[in-house]
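Structure, as structure tokens:
FYI, the numbering just counts along the sequence from 1. In each ligand, atom 1 is the first atom listed, and ligand 1 is the first ligand listed.
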Amino acid sequence: MKKIYMDYNATTPLHPDVLDAMLPFLRGNFGNPSSIHWAGRDVKKYIEASREKVANLLNGDPSEIVFTGGGSESDNLAIKGAAFALREKGNHIITTQVEHPAVLNTCEYMEELGYEVTYLPVDHEGMIDLDELRASITNRTILLSVMYGNNETGTIFPIEEIGRIASDRGILFHTDAVQAVGKTSMDVNTLKIDLLSLSGHKLYGPKGVGSLYVKKGTRLTPLIHGGHQEGGRRAGTENTPGIVGLGKACEIANGDMEFQSGYLTKLRERLHEGIMEKLDHVVLNGHPEKRLPNTLNLGFKFVEGEALLIHLDLEGIAVSTGSACSSGSMGPSPVLTAMGIPPEVAQGSIRFTLGRDNTEEDIQHTVDVLPNIVSKLRSISPIYPGKRNELG
Ligand SMILES: *Cc1c(COP(=O)(O)O)cnc(C)c1O
């Protein structure tokens, strides 16, 4: 049976060129980049080249890139690092109800430490209201943390407007761009972003490595104390193969983002239309236009999402319900709940996230098998109104 992977927002496979770039650093090129001798100097050169590649993707300066242990660490460093450094200026943080747990749980922890956090609500399409954002700013507000593109629905927030609001008020702006980097082009300067998180394994790079963009002059208290690596902002001997892999992944993304984005949008629309043609009672979760090119979240009414996922898995098709991070936890997705999606629709929601290895045949196969599974599951559902409703 052919295996079809449609869960690229959970993680991506390593790009073959990324693996090739990493291999020398898992073999002979083992030096400690802090060493003064030849073994260290050589490795250091590659780390700095990688820093430049990450910076290029964001239009930042290499000195503004801090390598971390992944997206979650970048989010923690941005929020805790900025909040600790600005403690005497204020204690108020603004974020949204639909952030990734790496941001939400960090903000909840900050509340335990005495910070105040506003969690902005979203509308039915997962969008925040900028007037509400403006109104929630006080003279104690030190940080806005608003994600770029949502991992579950793909909804893209108005980052440029948020950046302008933050900079006008002299508030730091952090964005978790883990899902958006590599899928949509961005410029940290025009968007007025102070802190931006990205992660290697969400853009065909390795797991366990990421980076935080830190705008020049931004005060940040480090979370990991030790040696002077990363300009004193993140101690510890560098993850050389990971960092080199992340740099290569950013370089590849920079080269073919426009093509990939167009290709994935086309596949996604085909998948969406194919499913809608064959099934009733299916709704789109997320913004119809302002959405990541690869993300399609659909609510199948009168179906249990977990059951649908398992039946698709039996057909070799890998999708997800909600985020990978919330799987195993019961109840509807907090993101869909925040959007006001009724629990029975949220429970029947499936996230298809496409990537560079998906083909038109993958889409066709999914469109061929999915409606039959949904119909079968509905036929045994006690609440499915059946033909009666399909007619009117
Ligand atoms: C995956 C993800 C993270 C966490 O990144 P890791 O590298 O897995 O720690 C953070 N934010 C978003 C939006 C994500 O999708």
Side-chain angles (χ1 to χ4, degrees), residues 5-14 18 54 58 65-81 95-109 119 122 126 128 145-157 159 162 174-184 186 193 195-213 223-224 234 239 241-243 245-247 249-250 253 286-287 290-297 319-329 333-336 338 351-355:
Y5 186 76
M6 290 192 182
D7 200 10
Y8 282 82
N9 284 11
T11 194
T12 61
L14 212 56
V18 171
V54 178
L58 310 172
I65 302 299
V66 178
F67 290 116
T68 67
S72 299
E73 187 187 322
S74 297
D75 286 340
N76 273 263
L77 177 57
I79 297 167
K80 293 175 184 167
T95 187
T96 79
Q97 292 180 1
V98 296
E99 299 294 314
H100 187 275
V103 167
L104 276 184
N105 291 336
T106 302
C107 285
E108 281 174 20
Y109 175 68
Y119 301 89
V122 295
I128 51 168
S145 181
V146 178
M147 74 198 314
Y148 205 120
N150 190 274
N151 44 302
E152 287 190 38
T153 62
T155 297
I156 296 176
F157 280 140
I159 295 301
I162 298 167
H174 165 244
T175 185
D176 174 343
V178 169
Q179 289 296 345
V181 169
K183 294 177 187 143
T184 175
M186 58 187 72
I193 292 167
L195 299 154
L196 179 147
S197 307
L198 62 87
S199 170
H201 76 103
K202 301 287 175 76
L203 73 152
Y204 308 94
K207 294 172 178 60
V209 65
S211 73
L212 181 67
Y213 162 84
L223 302 185
I224 317 260
R234 204 270 192 181
N239 168 10
I243 289 171
L246 174 61
C250 287
H287 198 281
K290 290 170 187 144
R291 194 148 46 99
L292 296 172
N294 75 322
T295 303
L296 179 65
N297 190 316
V319 297
S320 86
T321 56
S323 70
C325 317
S326 63
S327 67
S329 60
S333 138
V335 170
L336 299 183
R351 180 186 73 174
F352 305 87
T353 51
L354 309 179

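Here Thr96 contributes atom OG1 and Ile128 contributes atom CD1; the two are 7.0 Å apart, rounded to the nearest 0.5 Å. Here the OG1 atom belonging to Thr12 is positioned 6.5 Å from the CG atom belonging to Leu203, to the nearest 0.5 angstrom. Between the CD1 atom in Ile243 and the OG1 atom in Thr68 there is a gap of 9.0 Å [rounded to 0.5 Å].
At least one N/O-N/O distance between Gly71 and ligand 1 falls below 3.5 Å. Every N/O-N/O distance between Asn151 and ligand 1 stays at or above 3.5 Å. By the 3.5 Å distance cut-off applied to N or O atoms, Glu73 is not counted among the residues near ligand 1.
Near Gly70, the atoms of ligand 1 lying under 4.0 angstrom from a non-hydrogen atom of the residue are 7 (O). The contact set between ligand 1 and Lys202, taken as ligand atoms under 4.0 Å from a residue heavy atom, comprises 1 (C), 2 (C), 3 (C), 14 (C), 15 (O). The contact set between ligand 1 and Ser72, taken as ligand atoms under 4.0 Å from a residue heavy atom, comprises 4 (C), 5 (O), 6 (P), 9 (O).
For the residues Ala10, Ser199, Ala177, the heavy atom positioned nearest atom 7 (O) of ligand 1 is part of Ser199. Ranked by closest heavy atom to atom 8 (O) of ligand 1, the top entry among Met147, Glu99, His201, Lys207 is His201.
In this structure, the side chain of Lys202 does not engage the main chain of Leu198 through any donor-acceptor pair within 3.5 Å.
Residue Asp75 touches ligand 1 through its side chain alone, judged by heavy-atom distances below 4.0 Å.
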Q: Just do the side chain to side chain contact (heavy atoms under 4.5 Å, CB included) check on Arg351 and Asn151 with the steps written out, would you?
A: CA-CA 9 Å; Arg351 180 186 73 174; Asn151 44 302; 4.3 Å; yes
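Glu99 pairs by the salt bridge (Lys or Arg N to Asp or Glu O under 4.0 Å) definition with nothing, not counting sequence neighbours.
Side-chain contact check for Leu195 versus Leu77: every heavy-atom pair is 4.5 Å or farther apart.
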